[in-house]
Protein chains: 2
Amino acid sequence: MAQVDTVTRILDAAEELFAEHGFAETSLRTITTRADVNLAAVNYHFGSKKALIQAVFSRFLGPFYKLVESSLDSHEKMHPDSILSIEDILRFVARAMANVTQGDRNRLAIFMRLLGLAYNQGQGHLRKFLQTEYRSLFRRVMALITKATPDLQPVERFWRFHFMLGAAAFTLSSMENLRAIVEHDFDTKCTEEEVVGYLLPFLAAGIRAK
Amino acid sequence: MAQVDTVTRILDAAEELFAEHGFAETSLRTITTRADVNLAAVNYHFGSKKALIQAVFSRFLGPFYKLVESSLDSHEKMHPDSILSIEDILRFVARAMANVTQGDRNRLAIFMRLLGLAYNQGQGHLRKFLQTEYRSLFRRVMALITKATPDLQPVERFWRFHFMLGAAAFTLSSMENLRAIVEHDFDTKCTEEEVVGYLLPFLAAGIRAK
DNA sequence: TTTTGAGTTAAACGTATGTTTCAAACAGTT
DNA sequence: AACTGTTTGAAACATACGTTTAACTCAAAA
């Protein structure tokens, strides 16, 4: 076996390059070159480019999924019948993300960029893949949000949820650029934690507007 | 001259297809086929695909830009020294957008998609094009927002502004997809106006959180 | 009438893409 | 050491792309 698994090297390279340039704009040759792997390796190990894209998602979403599930489970075991506030829910999610991305600062931005692309990319196989593969987690979080915002109409809650998703995906995915602007315009540095600290109150206030 | 100008037919087709499938995923052949125009016409009239993308955007941005400027001008002439609320500012922008996009539903998605790409795409031609084309309007709106939120720290206002931008860009650019989900999950149809009607209170509440 | 020049057309060009092929190299088992 | 299934390697394949070319159309100017 090589120093690092071929599959892993491909996933690492693809993750970075997809986030940087998008899916259609990133060729398998660029990926395999950066991964220092033969071109055919992608089709051998993953089957197709589409499958590689989905694999990139799964590697991130899998651990994230389990972490959110387990932390929610343990919380519900300790505090049954408790109703989480929006802030609580967001903190749970944010903490899981921080845990999954820890060690690789760019990983959060990368994932958010992928998420944004997945939503925008036309009749994407990506969105359907995400929807079917991670429906139960989505529903569980959505159910918590529903309990936390009992006065909201379902449709409006749906839209506000995606407003939150958009605010997070957009800013966190271009965090690098935005932080550079902040440093230039305000002569201040922002850590990732500070940005998340700004974000969560914004989201919470937004979802219970009026 | 044909029934409709070749240039216009190309722009119309490109606008629809870009919104539907994205830029990289839309080929010139698809565009020229739908426009019922020869393939070479794009390169003859616009020079390149990049230039076509910018032209599509300019056709939207030009009128939008002028509309916001003039409506702000006339308001300031009628009510000098008045301080606009966040809701007022958002309504000005939304109304200009509605005016520019009226009659063609995809235009809003196009614009938002371009905006997202411009922010995400590291050093693409889009970002520079938008920055130079967009700057003075951006600064004017930002100044109004500053007056409307005097208690906010500049850095936090900067972030909250981009949270708003993100929520809008993300949801409006994938509005087609999201509306389909709403129709499937809630058995309800959402008009664009309704979505914007949901969006603005969310944004306003978010930017003055706490 | 002839000339001009912008507009259109069909075809081709060069390049880049995702994918496939098949022989060579490898690792583990007997 | 020989066999076996798995992984890699270099090359080719078929296709799709953006772009360019050069012949052609045709209305208006000279």
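Proteins come first, then strands; the chains are lettered A, B, ... in the order of their sequence lines, and each starts at number 1.
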Engineer: Roughly, in whole Å, what's the span from CZ in A:Phe46 to C1' in C:dG18?
Structural biologist: 15 Å
Engineer: Nearest whole angstrom, please: distance from the C1' of C:dG7 to the CD1 of B:Ile10.
Structural biologist: 11 Å
Engineer: How close or far is atom C1' of C:dA16 from atom NE2 of A:His21, stated in whole angstroms?
Structural biologist: 16 Å
Engineer: Any base atoms under 4.0 Å from A:Thr26, or only sugar-phosphate, or nothing? Heavy atoms, all strands.
Structural biologist: sugar-phosphate
Engineer: Using atom CD of A:Glu25 as one end and atom C1' of C:dG18 as the other, report the distance to the nearest whole Å.
Structural biologist: 15 Å
Engineer: Roughly, in whole Å, what's the span from CG in A:Leu39 to P in C:dT20?
Structural biologist: 12 Å
Engineer: For the side chain of A:Lys49, counting heavy atoms from C-beta on, which of D:dG9, D:dT21, C:dG18 is nearest?
Structural biologist: C:dG18
Engineer: In this structure, how many angstroms lie between the C1' atom of C:dA27 and the CG atom of A:Asp5, rounded?
Structural biologist: 14 Å
Engineer: Just N and O in the side chain of A:Ser48: are any of them under 4.0 Å from OP1 or OP2 of C:dG18?
Structural biologist: no
Engineer: Nearest-nucleotide wise, let me know which of A:Arg29 and A:Tyr44 is further upstream toward the 5' end of DNA chain D.
Structural biologist: A:Tyr44
Engineer: Which nucleotide sits closest to the side chain of A:Leu28: C:dT19, D:dA10, D:dG18?
Structural biologist: C:dT19
Engineer: May I ask you to evaluate whether B:Ser27 reaches the phosphate of D:dC17, defined as a side-chain N or O under 4.0 Å from OP1 or OP2?
Structural biologist: yes
Engineer: Within 45° of the axis and under 6.0 Å from the centre of the six-membered ring of B:Phe158, does NZ or CZ of B:Arg160 qualify?
Structural biologist: no
Engineer: Expressed in angstrom and rounded to an integer, what is the separation of B:Asn43 atom CG from D:dT19 atom P?
Structural biologist: 5 Å
Engineer: Are A:His45 and D:dT8 close enough that a side-chain N or O sits under 4.0 Å from OP1 or OP2?
Structural biologist: yes
Engineer: Start with the C-alpha gap between B:Phe64 and B:Met97, add the side-chain angles, then the distance that decides, and say whether side chain to side chain contact (heavy atoms under 4.5 Å, CB included) holds.
Structural biologist: CA-CA 6 Å; B:Phe64 171 72; B:Met97 282 229 171; 3.3 Å; yes
Engineer: For the side chain of A:Lys49 and the backbone of A:Val42, is there at least one donor-acceptor N/O pair under 3.5 Å apart?
Structural biologist: no
Engineer: Could you give the CZ-to-P distance, from A:Arg9 to D:dT7, as a whole number of Å?
Structural biologist: 14 Å
Engineer: When A:Phe60 is tested against each of A:Tyr65, A:Phe111, A:Tyr134 for ring-ring contact (aromatic ring centres under 6.0 Å, His included), which residue passes?
Structural biologist: A:Phe111
Engineer: If you only use heavy atoms from C-beta on, which nucleotide in D:dA10, D:dA11, C:dA10 is closest to the side chain of A:Asn38?
Structural biologist: D:dA10
Engineer: Without hydrogens or angle criteria, can the side chains of A:Tyr44 and A:Thr6 be said to hold a donor-acceptor pair below 3.5 Å?
Structural biologist: no
Engineer: So, does B:Thr6 get its side chain near the phosphate of C:dG7, meaning an N or O under 4.0 Å from OP1 or OP2?
Structural biologist: no
Engineer: Which residue, A:Ala40 or B:Val37, contacts DNA chain C at a nucleotide closer to its 5' end, judged by nearest heavy atom?
Structural biologist: B:Val37
Engineer: Students often get this wrong, so: under 4.0 angstrom with heavy atoms, is A:Thr32 touching a base, only sugar-phosphate, or nothing?
Structural biologist: nothing
